[in-house]
Amino acid sequence: MNFDLTDERQMLQDGLRRLLRDSYTADAQKIIAESDTGYSPKIWDSLAEMGLIGALFTEKQGGFAGAGFDLALVHEEMGRVGAVDPLIDTAVLGGGLIAACGNDAQKALVEEVIAGTAHLALAHGEPTSRFDLSHVQTSATRNNDGYVLDGRKAVVVNAPNADHLIVSARTAGDVADRDGISLFLVPTATKGITLRSYPVVGGGLAAEVTLDQGQVDTGALLGPEGAAFDALATAHARATLAICAEALGLMEAIRDLTIDYLKTRKQFGVPIGKFQVLQHRMADVALEIEQARSAVINLAGHVDAVPQVRDVHVSATKNLIGTVARQVVEESIQMHGGIGLTAEYELGHFVKRLTMVDHRFGDTMYHLERFIALAVA
Amino acid sequence: MDLNYTPEQRAFRDEVNGFLKAELPTRLSDKVRQGKSLTKQDHEEWHAIVNQRGWLASNWPVEFGGTGWDAVQRHIFEDELTRAYAPRIVPFGLAMLGPVLQKFGSREQQDYYLPRILNGDDWWCQGYSEPGAGSDLASLRTSAVRDGDHYIVNGQKTWTTLGQHANMMFCLVRTSKEGKPQEGISFLLIDMTTPGIEVRPIVLIDGGAEVNEVFFDNVKVPLANRVGEENKGWTYAKYLLTHERTNIAGVGFANAGLANLKRIAQAEQSGGRPLIENPHFAARIARVEIDLMAMSTTNLRVISQAAAGQAPGPESSMLKIKGTVIRQEINAMARTAVGPYAMPFASEGLEEGSNLEPVGPDYAAPVTGQYLNNRKLSIYGGSNEIQRAIISKAILEL
């Protein structure tokens with residue numbers, strides 16, 4: 001049992017923290033959030049240059065780390081500065097799926113992801129799938145030239161920036177079956193694929209993706225036909241860890257901002273942090289954030305375990321993070337008062353981003369039900 | 001980062017398990033599992049067995065007859081004892097007074113009292129709280145006035161846990177009214193058979209009487225029974241409280257309570273199916289289980305800091321709050337789970353030697369009492385409000 005960082009991770013954390021602190025000032029945050037891409041290509045390049053993206057992949061995949069604790073470390077630091085870079089979409093989901101399922105030609109794209117020169121998005125969720133991973137209505141029909149893709153994908157984060165999409169589509173079975181789901185790696189510019197792009201609350205871009213007679217060749221198939229579910233589940237488990245760690249970083253940033261405010265804001269002649277009613281609320285927030293840290297550690301330590309064990313931790317952690325996130329957001333705004341609602345004050349960006357965490361990869365309610373089902377089974 | 005025990009720690013856990021399988025009397029573990037009250041003899045029997053193995057003083061250094069274990073080993077030991085439904089090691093002599101005597105006691109006090117604690121010759125109780133001094137402990141008023149080679153003690157202590165079994169008390173008394181309240185307190189060792197001491201039980205809402213009031217009327221205590229310097233008792237008392245805070249999260253108790261709750265919810269029927277399948281009840285259980293999974297790791301994080309030589313810091317205040325909230329929620333759910341069979345008043349049925357048949361299912365008899373009794377968890381050892389004040393000052397620096 002050991003909760004210390006290894007020397008390598010300590011170096012990674014120090015370097016990353018320095019780079020992010022220099023890159024993400026409060027102003028930069030706004031510029032980036034209002035840019036065309038929803039993130040800063042300049043910062044993305046510097047992240048790639050320092051090898052950060054490679055830390056999310058194993059040596060065999062072309063990276064240098066890639067364990068659960070590496071994912072957690074990187075994303076916690078990203079969260080601390082409120083970073084909006086599409087690391088989860090391009091690297092954890094996109095790069096992760098190609099590294100796991102791709103043939104040699106497709107895997108060349110992983111190198112580009114690590115080098116920071118390619119962007120990806122996973123087009124999996126659909127307008128009525130909510131968080132059900134096996135719900136795929138989009139169809140892939142075999143023809144002489146390969147497959148024809150038809151259907152609609154919802155809230156595909158980073159699709160407007162992506163050179164390639166990974167599209168899930170059904171080659172067999174009914175809409176909710178685990179079997180019969182296939183993945184296709186296709187250029188975003190493929191004929192028959194149209195994007196309706198929009199900004200996302202808290203930073204980044206997404207799109208509703210329509211597939212209308214999208215013709216792809218057989219080389220676009222990513223992994224074996226009809227058997228993509230397990231790979232999707234693994235990628236989502238890792239992405240859940242990443243977003244939970246990011247949430248932890250966001251919580252820490254919000255906690256520090258709020259404590260600063262409690263110490264400096266005066267009312268009735270004293271700093272408001274001298275009022276016991278606020279001290280006790282802040283103490284509760286701080287202790288729940290320690291619980292959130294423990295939950296992230298639990299998931300980081302089990303994300304590579306067998307699915308039965310892994311998924312208990314995925315659901316336990318995502319549920320706890322969702323519960324604590326809401327408390328942190330609402331209490332921090334309340335303790336700030338009116339200033340906490342203004343777009344100008346930096347708290348706003350952090351609370352928006354943290355609020356959105358419960359809307360990806362399963363929310364608090366979804367994971368509570370799943371935890372019950374897994375714990376009883 | 002490694003969430004697993006080392007091979008040495010796993011081997012140690014197996015060794016503890018082997019000992020428990022061989023030496024823990026079923027009669028005792030049955031009583032603990034069924035929530036029955038333990039007698040003084042039960043506690044003494046178990047202490048003797050653990051002492052025979054050399055493990056009774058799990059938090060003492062080897063030179064005083066302890067195990068010399070680090071914080072992780074102590075955690076493993078306590079965790080395995082709880083899982084096996086062993087009686088808890090009574091903390092007053094071993095966990096509380098022992099470390100104070102080792103650090104601040106005279107050589108004579110160490111040589112005399114420490115072996116007696118190990119051998120079970122003395123049963124200690126804690127004389128801290130008073131009717132007017134609860135969370136504000138330093139406002140205590142029980143007085144000790146010098147008279148030759150004795151102190152004359154007058155006043156009253158309260159909430160004295162298991163004082164009815166005790167022949168000795170370590171006691172905070174006021175020896176000076178000068179300066180700050182903390183500066184006039186001394187730490188005395190008082191023989192409970194001294195004339196002028198009266199112990200009266202306080203019956204609690206669960207029907208039991210584990211706590212007492214202790215009255216002192218001109219009680220003569222030899223000067224030699226003072227630990228350390230006069231008026232420095234607050235320092236020693238605080239040192240004791242940091243030791244009281246180890247294992248404060250009660251993870252083992254929470255795990256045992258949760259397992260018991262699931263058994264009850266499996267056995268109870270609601271709407272023609274097991275209660276555990278009721279989605280509302282299942283959701284409550286799942287929430288507390290998820291919270292407990294995280295707290296177990298929070299606890300291990302604090303323990304591994306302690307094993308690296310750092311004293312338990314203000315983080316233990318977080319564990320105190322979270323641990324007690326979780327245990328109280330489990331107690332509340334167990335009471336809910338048994339439905340109408342929470343109502344029969346079962347105090348007598350839980351006493352040793354009772355021939356009363358339980359009214360409802362076996363598991364229902366203790367739950368109301370445990371729920372009511374464990375409201376104490378968020379009050380004693382520094383109430384949860386005091387813990388929030390500690391977090392606020394020591395961690396958040398507000």
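We name chains A, B, ... by the order of the sequence lines, and we start the count at 1 in each one.
With a 4.5 Å cut-off on non-hydrogen atoms, Asn299(B) does not touch chain A at all. With a 4.5 angstrom heavy-atom cutoff, Arg281(A) does not touch chain B via any of its atoms. Contact annotation for Asp4(A): only backbone heavy atoms (N, CA, C, O) come within less than 4.5 Å of a heavy atom of chain B. For chain A, no part of Lys262(B) is nearby; none of its heavy atoms comes within less than 4.5 Å. The parts of Leu300(B) that come within reach of chain A are both its backbone and its side chain, each placing non-hydrogen atoms under 4.5 angstrom from that chain. Glu369(A) does not touch chain B: none of its heavy atoms, backbone or side chain, sits under 4.5 Å away.
Within the 3.5 Å criterion, the main-chain N or O of Phe281(B) finds a donor-acceptor partner in the side chain of Asn278(B). No donor-acceptor pair closer than 3.5 Å links the side chain of Asp14(A) to the backbone N or O of Met11(A). Between the Arg238(A) side chain and the Val303(A) main chain, no donor and acceptor come within less than 3.5 Å of each other.
The choice from Pro279(B), Ser296(B), Ala286(B), Ala307(B) that makes the most heavy-atom pairs within less than 4.5 Å of chain A is Ala286(B). Interface check for chain B: of the options Lys274(A), Met282(A), Arg293(A), the most heavy-atom pairs under 4.5 Å are formed by Arg293(A). In terms of non-hydrogen atom pairs under 4.5 Å with chain A, the most contact-rich of Glu277(B), Gln9(B), Glu289(B) is Glu289(B). The most heavy-atom pairs under 4.5 Å with chain B, out of His280(A), Gln276(A), Gln279(A), come from His280(A). Here Asp284(A) is the residue among Leu262(A), Thr317(A), Asp284(A) with the most heavy-atom pairs under 4.5 Å with chain B. By number of non-hydrogen pairs under 4.5 angstrom with chain A, the leading residue of Ser304(B), Ala294(B), Ser392(B) is Ala294(B). Annotation: maximal heavy-atom pairing with chain A below 4.5 Å, among Thr298(B), Val72(B), Ile391(B), occurs at Thr298(B). The candidate with the highest count of non-hydrogen atom pairs below 4.5 Å against chain B, out of His313(A), Met1(A), His302(A), Arg9(A), is Met1(A).
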- Task: List the steps, then state whether ring pair (Phe, Tyr, Trp, His ring centres under 6.0 Å) holds for Trp69(B) with Phe77(B).
- Result: CA-CA 10 Å; Trp69(B) 289 338; Phe77(B) 180 67; 4.9 Å; yes

- Please assess Leu257(A) against Glu346(A) for the test side chain to side chain contact (heavy atoms under 4.5 Å, CB included), listing each intermediate value before the final yes or no. CA-CA 9 Å; Leu257(A) 271 177; Glu346(A) 60 181 318; 3.7 Å; yes

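No cation-pi contact links Arg301(B) to Phe3(A), judged by a cut-off of 6.0 Å to the six-membered ring centre and 45° from its axis.
Under 4.0 Å is where a charged nitrogen must lie from a carboxylate oxygen, and between Lys322(B) and Glu290(A) no such pair does. Classification of Arg83(B) and Asp79(B) as a salt-bridged pair holds, one side-chain N sitting under 4.0 Å from a carboxylate O.
Between atom CG of residue Leu250(A) and atom CE of residue Met356(A) there is a gap of 12.0 Å, rounded to the nearest 0.5 Å.
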